[in-house]
Amino acid sequence: MNATLSVLLMSMLNKLPRAFYARDTVTVAKELLGKYLVHGEKIARIVEVEAYLGAHDLACHSAKGVTPRTAVMYGEPGYAYVYLIYGMYYCTNVVTESAGIGSAVLLRALEPIAHVTARTQGPGLLSRAMNIDKQLNAHDLLSDNFYIAAPSVEETFTLIARPRIGVHYAQEWAQAPLRFYIQGNAFISKP
DNA sequence: TGCACGATGAAC
DNA sequence: TTCATCGTGCAC
């Protein structure tokens, strides 16, 4: 993709306002599907997410209360929560609702749109492909170089809800259908 | 100060 | 099923 085309594509994106994130986490999670994640010149479509509801959700990091790590989740909506998992991958989340709740949406899979060549199926791979690491933790998603936007024309799709991945330790919360993805999309992390 | 354990991904 | 690899949270 050449530079002119990139500029044209970027001009067709409408950056999501703070109010988009300052709502019920499940609503935000579902509505993030089909939106475009932009970091520098890299652009990719969000096709799979998971909702983490806050302190009462045992699968959520914020269930441990306010710690140096979870402080971002307990802050204002529309900021990125990026953390290292298994010592080698970063996971990218967006903070939702209002300060004090501790809720966020984990990005689990993306469909490459522009300047993204590495694999994007799974939270660790997509973070690597989009050049997202701990430097971007607590970064404002209403900034100029790192944000989420709505395309001028959104494709329609069927939304699927399933239990979240890798949260077996969370007792009854492990079964809650809080993973959402676009049915039939080729970039979903797990069938 | 030490240690068990991941919101993963890849190899076997 | 096992392993790479390290920050976090909590026990001591």
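Sequence lines set the chain letters: A, B, ... in the order given, protein chains first and strands last, and positions in each chain run from 1.
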Backbone N or O of Tyr90(A) within a donor-acceptor pair of the Lys134(A) side chain at under 3.5 Å?
no
Tell me: OH of Tyr86(A) to P of dA4(B), nearest whole Å?
17 Å
Select base, sugar-phosphate, or nothing to describe what Gly124(A) touches, counting heavy atoms under 4.0 Å on all strands.
sugar-phosphate
Side chain of Leu125(A): nearest nucleotide among dT8(B), dA7(B), dA10(B)?
dA10(B)
Touch check for Arg69(A), heavy atoms < 4.0 angstrom, all strands: base, sugar-phosphate only, or nothing?
sugar-phosphate
Partner lookup for dA4(C), please. Criteria are Watson-Crick or G-U wobble with both distances under 3.5 angstrom; report none if nothing qualifies.
dT8(B)
Are any side-chain N or O atoms of Asp24(A) and backbone N or O atoms of Thr27(A), one a donor and one an acceptor, separated by less than 3.5 Å?
yes
Whether Arg128(A) contacts dT8(B) is assessed here as follows: a side-chain N or O lying under 4.0 Å from the phosphate OP1 or OP2. Is that the case?
no
So, is Tyr83(A) near the phosphate of dG6(B), with a side-chain N or O under 4.0 Å from OP1 or OP2?
no
I'd like to know if Glu97(A) and Arg23(A) make a salt bridge, using a cut-off of under 4.0 Å between side-chain N and carboxylate O.
no
Show me, pair by pair, the donor-acceptor contacts under 3.5 angstrom made by side chains of residues 149-159 of chain A, not counting sequence neighbours?
unit_1, atom_1, unit_2, atom_2, d
Glu154(A), OE2, Lys35(A), NZ, 3.2

Span of DNA chain C, from the first to the last nucleotide whose atoms fall under 4.0 Å of chain A heavy atoms
dA4(C) to dG9(C)
May I have the distance from Leu107(A) (atom CG) to dA7(B) (atom P), rounded to whole angstrom?
16 Å
Find the distance His61(A):NE2 to dT8(B):C1' and express it as a whole number of Å.
12 Å
Using OP1 and OP2 only, check whether a side-chain N or O of Arg179(A) sits under 4.0 Å from dA7(B).
no
Quick one: does NZ or CZ of Arg69(A) land under 6.0 Å from the six-membered ring centre of Tyr83(A), within 45 degrees of the ring axis?
yes
Whole Å only: how far is the CG atom of Leu84(A) from the C1' atom of dC5(B)?
13 Å
In Å and rounded to the nearest 0.5 Å, what is the NZ to CD1 distance from Lys42(A) to Ile132(A)?
10.0 Å
Tell me which residues in residues 88-102 of chain A put a heavy atom below 4.0 Å from DNA chain C, sorted by number, or none.
Met88(A)
Checking Arg119(A) against Phe187(A): charged group under 6.0 Å from the ring centre and within 45 degrees of the axis?
no
Separation of dT8(B) C1' from Tyr169(A) OH (nearest whole Å):
13 Å
Of Leu106(A), Leu178(A), Leu107(A), which meets side chain to side chain contact (heavy atoms under 4.5 Å, CB included) against Glu50(A)?
Leu106(A)
For Ile165(A) and dG6(B), what is the distance between atoms CD1 and C1' respectively, to the nearest whole Å?
15 Å
Measure from NZ or CZ of Arg18(A) to the centre of the six-membered ring of Phe20(A) and say whether it is under 6.0 Å with the direction within 45° of the ring axis.
no
Rounded distance in Å - NZ (Lys64(A)) to C1' (dA7(B))
13 Å
